[in-house]
Amino acid sequence: DVIQGTLDLLILKTLSLAPLHGYGIAQRIEQVSQGVFKVNPGSLLTALKRLQRSGFLEAEWRRTENARRAKYYSLTPAGERRLRAETEDWTRRSAAVLRLLEA
């Protein structure tokens with residue numbers, strides 16, 4: 001499971017590398033986290049729709065490597081700014097948690 005409140009950040013970071021379809025996003029998150037994070041498909045779809053409505057993502061239909069039709073998502077300039085802000089916030093918060101754990 002993904003830590004509550006971090007799914008948007010993980011999606012934005014994943015899409016900062018390259019446009020992907022939903023299944024590709026879930027696979028990349030699981031792969032890079034070495035299996036620590038597994039994304040629920042329903043949660044992913046809800047987050048993608050929310051991020052798209054907020055103007056952080058844009059989407060277009062394309063053919064996959066398997067010649068299937070899929071919606072590919074990519075970051076907008078607003079999404080790039082949101083990723084920077086959320087990364088800074090996550091870094092600040094995780095450093096604070098680490099300080100508490102080490103106290």
Side-chain angles (χ1 to χ4, degrees):
D1 291 333
V2 174
I3 300 169
Q4 182 154 355
T6 61
L7 182 56
D8 288 3
L9 174 61
L10 297 177
I11 291 170
L12 293 171
K13 178 56 183 174
T14 299
L15 291 174
S16 74
L17 305 172
L20 288 169
H21 51 74
Y23 181 70
I25 294 167
Q27 279 188 310
R28 177 79 48 88
I29 290 171
E30 186 174 343
Q31 177 188 35
V32 173
S33 72
Q34 298 179 347
V36 172
F37 297 131
K38 297 185 190 305
V39 181
N40 175 295
S43 298
L44 178 62
L45 183 58
T46 300
L48 289 169
K49 287 180 180 181
R50 181 179 60 254
L51 290 166
Q52 190 176 7
R53 273 194 317 270
S54 298
F56 301 132
L57 300 181
E58 56 190 14
E60 68 175 326
W61 289 97
R62 295 188 199 168
R63 295 270 175 210
T64 67
E65 312 78 51
N66 302 330
R68 293 188 177 147
R69 206 165 157 253
K71 191 181 271 192
Y72 277 74
Y73 296 89
S74 58
L75 287 184
T76 62
E80 292 172 6
R81 289 189 298 274
R82 178 65 178 233
L83 172 59
R84 282 192 299 277
E86 286 202 26
T87 299
E88 289 171 9
D89 185 57
W90 176 258
T91 301
R92 183 179 58 81
R93 290 173 184 265
S94 61
V97 169
L98 185 59
R99 285 191 303 271
L100 287 166
L101 291 174
E102 292 175 342

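Under a 3.5 Å cut-off, the side chain of T14 and the backbone N or O of I29 do not form any donor-acceptor pair. In this structure, the side chain of S54 does not engage the main chain of F56 through any donor-acceptor pair within 3.5 Å. A donor-acceptor distance shorter than 3.5 angstrom exists from the side chain of S16 to the backbone of K13, with no hydrogens or angles considered. Between the side chain of N66 and the main chain of R68, no donor-acceptor pair closer than 3.5 Å is present.
Nearest heavy-atom pair across A78 and G55 is CB-O, 3.7 Å. A26 and L44 make their closest contact through CB-CD2, 4.0 Å (heavy atoms, listed as atom of the first residue, atom of the second, distance). Closest approach of R63 to A67, counting heavy atoms only: NH1-O, 3.3 Å. Listed here is the closest heavy atom pair of I11 and A47: CD1-CB, 3.6 Å.
Residues Y72 and T64 form a side-chain contact, since some pair of their non-hydrogen atoms from C-beta on lies under 4.5 Å apart. When side chains are defined from C-beta on, D8 counts as touching R50, because their heavy atoms get closer than 4.5 Å.
Atom-to-atom distance recorded for H21:NE2 and L48:CG is 12.0 Å, nearest 0.5 angstrom. Interatomic distance, CG of L83 versus CD of E88, reported as 10.0 Å (0.5 Å rounding). To the nearest 0.5 Å, atoms OG1 (T91) and CD (E86) are separated by 11.5 Å. The CD1 atom of I25 sits 4.0 Å away from atom CG of L15, with the distance rounded to the nearest 0.5 Å.
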Quick one, K71 with E60, criterion side-chain contact (heavy atoms from CB on, under 4.5 Å). Give me CA distance, side-chain angles, the key distance, then yes/no.
CA-CA 5 Å; K71 191 181 271 192; E60 68 175 326; over 6 Å; no
Intermediate values then yes/no, side-chain contact (heavy atoms from CB on, under 4.5 Å), L10 and V39
CA-CA 10 Å; L10 297 177; V39 181; 6.0 Å; no
Can L57 and T76 be said to form a side-chain contact (heavy atoms from CB on, under 4.5 Å), step by step?
CA-CA 5 Å; L57 300 181; T76 62; 5.6 Å; no
Determine, step by step, whether L17 and R28 satisfy the side-chain contact (heavy atoms from CB on, under 4.5 Å) criterion, reporting the C-alpha distance in whole Å, the side-chain angles of both residues, the deciding distance to 0.1 Å, and the verdict.
CA-CA 10 Å; L17 305 172; R28 177 79 48 88; 4.0 Å; yes
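Residues V36 and L7 share a hydrophobic cluster, clusters being chains of Ile/Leu/Val/Met/Phe/Trp/Tyr side chains in contact below 4.5 Å.
Atom CZ of R62 sits in a crowded spot, with more than 12 heavy atoms from other residues, nucleotides or ligands closer than 6.0 Å. More than 12 heavy atoms of other residues, nucleotides or ligands shown are found within 6.0 angstrom of CZ on R92.
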